[in-house]
Enquirer: 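Take this structure, written in structure tokens, and hold onto it; I'll ask about it next.
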Amino acid sequence: MKIRLVNNGVFIPVDDIQQALTPPAEGFYWIDADVDDLAVLQPLFLMHDLAVEDCLSDEEQRPKIEIYENHYFIVINSIRFDDEEIFLRAVNLFLGRHFIISVTKHKISELRTLKPILWEQEISTPDRLLYLLVDLIVDNYFTVGDRIEARIEKLEEDILMHTKKSHLSEIIGLRSEILWLKKVLGPQKEVINTLNKKDLRLIDDQLQKYFSDIYENAVKISETFETYRDLMGNLREAYQSSIANRANEIMRVFTAITTVFMPLTVITGIYGMNFTNMPELNWKYSYFVVIGLMVTLGLSMFFIFRKKDWV
């Protein structure tokens, strides 16, 4: 747990948690804590039992804002994308008149990015910190959206150039991630809209208007992921179309091969290859050579088809 007195963006470390209980002459206290620290913080800052229970829960938390007598409890999700899976990390915030407590289970990059911004803008109030943090978290959704869009474009290019069976699982997996994220964005927008419109005594009226800009960004993000969902549907259609075209191409090759060998098969069928003078007919190894030739020919065709990804 890190306790800091923040005044005009300057951080002053505080060792005694009791000091943070009294409003400072200037600035506010920012307590950056882990879930294990809640046992100490709850009785000191009169945190509601339900809010603490939400912080400790292993289940994924729905973004929300809850108003209590001496503080607000806000849950907002930070996003991560590792090119394989989308992760949401809950940021739990307790906003008071002279303090803000951030409680997380994982490292949140926005919290590290926030520190130089507080110094640059000379922040001295906890509600201003809340605004900047929410703004950073929402902006990061655009960054993740750009990476998802780049992956969709690459996947589309790969499908058009050389379709593989693995592409279908990639499409289904990414589409499921996007649908899940789209569902999560709804409550997140509601929280930001509440910060924008509801009369909240712990947030300055002038600052509250700035949340409308964040809300507009949240709406854009939601619309963007709706577009990504449609693009994934188009990708699936492109995959199926490519597979169908490829199957037609393979059938065309097989038809050509069959056409070439059909006349030869007719001739050998009529004559039966029962000629009196046939090379190797009386050679004792002829049978084994023919069997070996048949096996070699079959395996060669299999590996050729496998290389062309026909089988």
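Small disclaimer: the values here were computed from a predicted structure and weren't measured. For the single chain, residues carry numbers from 1 onward in sequence order.
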Enquirer: To the nearest 0.5 angstrom, please state how far the CZ atom of Arg151 sits from the CG atom of Leu155.
Expert: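 The CG atom of Leu155 is 7.0 Å from CZ of Arg151, to the nearest 0.5 Å.
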Enquirer: Start with the C-alpha gap between Val91 and Asn77, add the side-chain angles, then the distance that decides, and say whether side-chain contact (heavy atoms from CB on, under 4.5 Å) holds.
Expert: CA-CA 6 Å; Val91 182; Asn77 286 324; over 6 Å; no
Enquirer: How far apart are the C-alpha atoms of Ile65 and Ile76, what are their side-chain angles, what is the distance that settles it, and do they pass the side-chain contact (heavy atoms from CB on, under 4.5 Å) test?
Expert: CA-CA 9 Å; Ile65 178 170; Ile76 191 165; over 6 Å; no
Enquirer: Is the side chain of Ser57 donor-acceptor paired with the backbone N or O of Glu53 at a distance under 3.5 Å, no angle test?
Expert: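 Side chain of Ser57 to backbone of Glu53, a donor-acceptor pair under 3.5 Å: no, none is there.
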Enquirer: Do you see a donor-acceptor pair shorter than 3.5 Å between the side chains of Arg80 and Ser78?
Expert: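 Side-chain D/A pair, Arg80 to Ser78: present.
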Enquirer: Would you say Asp213 and Glu216 make side-chain contact, with heavy atoms under 4.5 Å?
Expert: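 Contact flag for Asp213/Glu216 side chains = yes.
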Enquirer: Are Phe45 and Leu56 joined in one hydrophobic group, where the rule is that I, L, V, M, F, W and Y side chains link up if heavy atoms are under 4.5 Å apart?
Expert: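 Yes: a chain of side-chain contacts under 4.5 Å links Phe45 to Leu56.
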Enquirer: If you round to the nearest 0.5 Å, how far is CG of Leu231 from CD of Glu153?
Expert: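 Here the interatomic distance stands at 9.0 Å.
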Enquirer: Is any side-chain heavy atom of Leu195 less than 4.5 Å from a side-chain heavy atom of Ile74?
Expert: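 Counting from C-beta outward, Leu195 and Ile74 do come under 4.5 Å.
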Enquirer: Carefully, step by step, assess Arg175 and Leu179 under the rule side-chain contact (heavy atoms from CB on, under 4.5 Å).
Expert: CA-CA 6 Å; Arg175 185 174 185 273; Leu179 287 174; 3.5 Å; yes
Enquirer: When clusters are formed by joining ILVMFWY residues with side-chain heavy atoms under 4.5 Å apart, either directly or through shared neighbours, do Leu129 and Leu207 land in the same one?
Expert: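 Same cluster: Leu129 reaches Leu207 through Ile, Leu, Val, Met, Phe, Trp or Tyr contacts under 4.5 Å.
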Enquirer: Out of curiosity, Leu41 CG to Met47 CE, how far, rounded to the nearest 0.5 Å?
Expert: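 With rounding to 0.5 Å, CG (Leu41) is 4.5 Å from CE (Met47).
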Enquirer: How about Tyr210: does its OH atom have over 12 heavy atoms from other parts shown lying under 6.0 Å from it?
Expert: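 It does not: Tyr210 OH has 12 such atoms or fewer within range.
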Enquirer: Side-chain heavy atoms under 4.5 angstrom apart, residues restricted to Ile, Leu, Val, Met, Phe, Trp, Tyr: same cluster for Leu130 and Phe73?
Expert: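 No: no chain of side-chain contacts under 4.5 Å links Leu130 to Phe73.
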Enquirer: Taking atom CD1 of Ile86 and atom CD1 of Ile178, what is their separation to the nearest 0.5 Å?
Expert: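 Here the rounded value is 6.5 Å.
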Enquirer: Flag yes if Tyr72 and Ile192 sit in one hydrophobic cluster, no otherwise; membership is Ile, Leu, Val, Met, Phe, Trp, Tyr, and two members link when side-chain heavy atoms are under 4.5 Å apart.
Expert: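 In one cluster: yes.
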Enquirer: Which pair of non-hydrogen atoms, one from His98 and one from Leu21, has the smallest distance, and what is that distance?
Expert: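 Looking at all heavy atoms of both residues, the shortest contact is NE2-O, 3.4 Å.
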Enquirer: Is a donor on one side and an acceptor on the other found under 3.5 Å between the side chain of Asn92 and the backbone of Cys55?
Expert: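 Checking the backbone N and O of Cys55 against the side chain of Asn92, no donor-acceptor pair under 3.5 Å is found.
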Enquirer: Say whether, by atom type as modelled, one donor and one acceptor occur between the side chain of Gln188 and the main chain of Ala218 under 3.5 angstrom.
Expert: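 Not a single qualifying donor-acceptor pair exists.
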Enquirer: Compare all side-chain heavy atoms of Trp30 with those of Ile101 and state whether any distance is below 4.5 angstrom.
Expert: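 Side-chain contact under 4.5 Å: no.
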Enquirer: Run the side-chain contact (heavy atoms from CB on, under 4.5 Å) test on Leu5 and Phe28 for me, step by step, so that the C-alpha distance in whole Å, both residues' side-chain angles and the decisive distance to 0.1 Å come before the verdict.
Expert: CA-CA 6 Å; Leu5 173 61; Phe28 67 98; 5.9 Å; no
Enquirer: Show the nearest heavy-atom pair for residues Thr104 and Ala90, with the distance to one decimal.
Expert: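 Closest heavy-atom pair between Thr104 and Ala90: CG2-O, 4.0 Å.
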Enquirer: Check whether any side-chain heavy atom of Glu177 sits under 4.5 Å from a side-chain heavy atom of Phe81, and report yes or no.
Expert: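 With C-beta onward as the side chain, the pair stays apart.
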Enquirer: Below 4.5 Å, heavy atoms only, C-beta onward: do Leu95 and His71 meet side chain to side chain?
Expert: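 Counting from C-beta outward, Leu95 and His71 never come under 4.5 Å.
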Enquirer: Is a side-chain N or O of Asp34 found less than 3.5 angstrom from the main chain of Asp36, in a donor-acceptor match?
Expert: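 Judged by distance alone, no pair lies under 3.5 Å.
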Enquirer: For a quick test of reading the model, state the closest non-hydrogen atom pair linking Ile31 to Ala20 and the distance between them.
Expert: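 Ile31 and Ala20 have their closest heavy atoms at CD1-CB, 4.2 Å.
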Enquirer: Looking at side-chain heavy atoms only, is the closest gap between Phe99 and Pro23 below 4.5 Å?
Expert: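 No - every pair of side-chain heavy atoms lies 4.5 Å or more apart.
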Enquirer: Only counting residues at least two apart or in another chain, list the ones meeting side-chain hydrogen bond (donor to acceptor under 3.5 Å, both in side chains) with Glu66.
Expert: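 For Glu66 the side-chain hydrogen bond (donor to acceptor under 3.5 Å, both in side chains) partners, ignoring immediate neighbours, are Lys64, Tyr68.
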Enquirer: Under a 3.5 Å distance rule, please check whether Tyr228 uses its side chain to pair with a backbone N or O of Gly145 as donor and acceptor.
Expert: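 Checked: pair present.
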Enquirer: Does the side chain of Leu118 reach to within under 4.5 Å of the side chain of Leu132, using non-hydrogen atoms?
Expert: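 Sidechains of Leu132 and Leu118: in contact.
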Enquirer: To the nearest 0.5 Å, how far apart are OG1 in Thr125 and CZ in Arg97?
Expert: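 These two atoms lie 11.0 Å from each other.
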Enquirer: What I want to check is whether the side chains of Asp49 and Gln42 have a donor and an acceptor closer together than 3.5 Å.
Expert: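 Judged by distance alone, the side chains do pair up.
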Enquirer: So does Lys209 get a backbone contact from the side chain of Ser212, meaning a donor-acceptor N/O pair under 3.5 Å?
Expert: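 Yes, because the side chain of Ser212 sits within donor-acceptor range (under 3.5 Å) of the backbone of Lys209.
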Enquirer: Would the number of heavy atoms belonging to other residues, nucleotides or ligands and lying under 6.0 Å from CG of Asp16 be above 12?
Expert: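 Result for CG/Asp16: enclosed.
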Enquirer: Name all residues meeting the side-chain contact (heavy atoms from CB on, under 4.5 Å) criterion together with Lys182; count only those two or more places apart in sequence or in a different chain, and write none if there are none.
Expert: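 Result, side-chain contact (heavy atoms from CB on, under 4.5 Å) vs Lys182: Ser222, Phe225, Glu226.
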Enquirer: Counting heavy atoms not belonging to Trp180, are there more than 12 under 6.0 Å from its CH2?
Expert: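 Buried by this count: over 12 neighbours within 6.0 Å.
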Enquirer: Do Tyr131 and Phe211 have their ring centres less than 6.0 Å from each other?
Expert: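 Yes; Phe211 has its ring centre under 6.0 Å from that of Tyr131.
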Enquirer: Could you state the interatomic distance from CG (Leu136) to CD (Glu110), rounded to the nearest 0.5 Å?
Expert: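 Going from CG on Leu136 over to CD on Glu110, the span is 6.5 Å.
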Enquirer: So, does Asp204 use its side chain to make a donor-acceptor pair with the main chain of Asp127 at under 3.5 Å?
Expert: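 No; zero donor-acceptor contacts below 3.5 Å.
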Enquirer: Does some side-chain heavy atom of Gln18 sit less than 4.5 Å from a side-chain heavy atom of Leu44?
Expert: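 Heavy-atom side-chain distance check passes, below 4.5 Å.
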Enquirer: When you check the gap from the basic side-chain N to the acidic O, do Glu69 and Arg201 get nearer than 4.0 Å?
Expert: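 Salt bridge between Glu69 and Arg201, a charged N being under 4.0 Å from a carboxylate O: no.
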Enquirer: Does any N or O in the side chain of Asn140 come within less than 3.5 Å of the main-chain N or O of Ile79, such that one atom is a donor and the other an acceptor?
Expert: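 Between the backbone of Ile79 and the side chain of Asn140 there is a qualifying donor-acceptor contact (under 3.5 Å).
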Enquirer: Answer yes if Ile100 and Val14 sit in the same cluster of Ile, Leu, Val, Met, Phe, Trp and Tyr residues linked by side chain heavy atoms under 4.5 Å apart, and no otherwise.
Expert: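 Different hydrophobic clusters.
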Enquirer: Looking at every non-hydrogen atom in both residues, tell me the closest pair between Gly27 and Asn7 and how far apart they are.
Expert: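 Scanning both residues, the minimum pair turns out to be N-OD1, 3.6 Å.
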